[in-house]
Amino acid sequence: MSYKNTFIKVSPDCPVTSSVVPQHKTSYKPIHVIQYELLSRYPYRYTHEQLLFEIHIRHKNIPADELETNRQQIWDALFSKSHACLRASQLPKKYGFGVHYDAEGRIAIYGMETPEYERFVQSGDEITLLNGMRSRRE
């Protein structure tokens with residue numbers, strides 16, 4: 001699912017009071033670490049589908065030559081099944097990052113303590129505001 005002109009706020013049950021850079025303890029990077037790396041380095045570069053594809057390539061360590069040869073097949077296989085939106089990501093659920101989709105659906109992240117985060121939350125009718133998904137049921 002891709003959004004436009006939407007801001008995903010930090011989940012109501014997020015355990016942090018300011019954003020925390022996700023860490024990993026092994027050479028194998030979890031998906032939320034790859035999400036953070038891509039979105040913090042390249043804000044507003046990726047749409048949701050482009051981001052999912054780039055994460056998939058990195059997470060599965062698909063070699064460049066295979067990607068060049070089979071890009072469309074890899075894309076088609078990835079999107080033959082549904083994927084969760086960034087509301088379900090660990091970034092808003094656990095690490096304190098809001099997710100902004102601009103008018104073209106390109107994505108950037110903002111720490112919950114930043115003025116930009118607050119500006120999006122206070123923007124009212126200008127954009128759609130959604131909460132990140134809760135980690136636990138209530």
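- Side chain of Thr114 to backbone of Tyr117: a donor-acceptor contact under 3.5 angstrom is found.
- Considering only heavy atoms from C-beta on, His56 stays 4.5 Å or farther from Trp75 through its side chain.
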For His83 and Phe79, what are the C-alpha separation, side-chain angles and deciding distance, and is it a ring pair (Phe, Tyr, Trp, His ring centres under 6.0 Å)?
CA-CA 8 Å; His83 297 272; Phe79 292 108; 5.7 Å; yes

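- Proximity of Tyr95 to His32: side-chain heavy atoms (C-beta onward) are separated by under 4.5 Å at one or more points.
- At most 12 heavy atoms of other shown residues, nucleotides or ligands fall within 6.0 angstrom of atom NZ in Lys94.
- Counting only heavy atoms from C-beta outward, the side chains of Ile34 and Glu54 never approach each other to under 4.5 Å.
- Neither Met133 nor Val99 shares a network with the other; the hydrophobic side chains, linked directly or stepwise wherever heavy atoms of I, L, V, M, F, W or Y lie under 4.5 Å apart, form separate groups for each.
- Between the Arg134 side chain and the Pro12 main chain, no donor and acceptor come within less than 3.5 Å of each other.
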For residues 38-47, please give each side-chain donor-acceptor pair under 3.5 Å, one per line with the distance, not counting sequence neighbours.
residue: Ser40; atom: OG; partner: Tyr36; partner atom: O; Å: 2.7
residue: Ser40; atom: OG; partner: Glu37; partner atom: O; Å: 3.4
residue: Tyr44; atom: OH; partner: His100; partner atom: ND1; Å: 2.6
residue: Tyr44; atom: OH; partner: Tyr110; partner atom: OH; Å: 2.9
residue: Thr47; atom: OG1; partner: Gln50; partner atom: N; Å: 3.4
residue: Thr47; atom: OG1; partner: Gln50; partner atom: OE1; Å: 3.3

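- Using a 4.5 Å heavy-atom cutoff, the side chains of Asn5 and Thr128 are not in contact.
- Linking Ile, Leu, Val, Met, Phe, Trp and Tyr whenever their side-chain heavy atoms come within less than 4.5 Å leaves Val33 and Ile107 in two separate clusters.
- No side-chain heavy atom of Lys4 sits under 4.5 Å from any side-chain heavy atom of Asp102.
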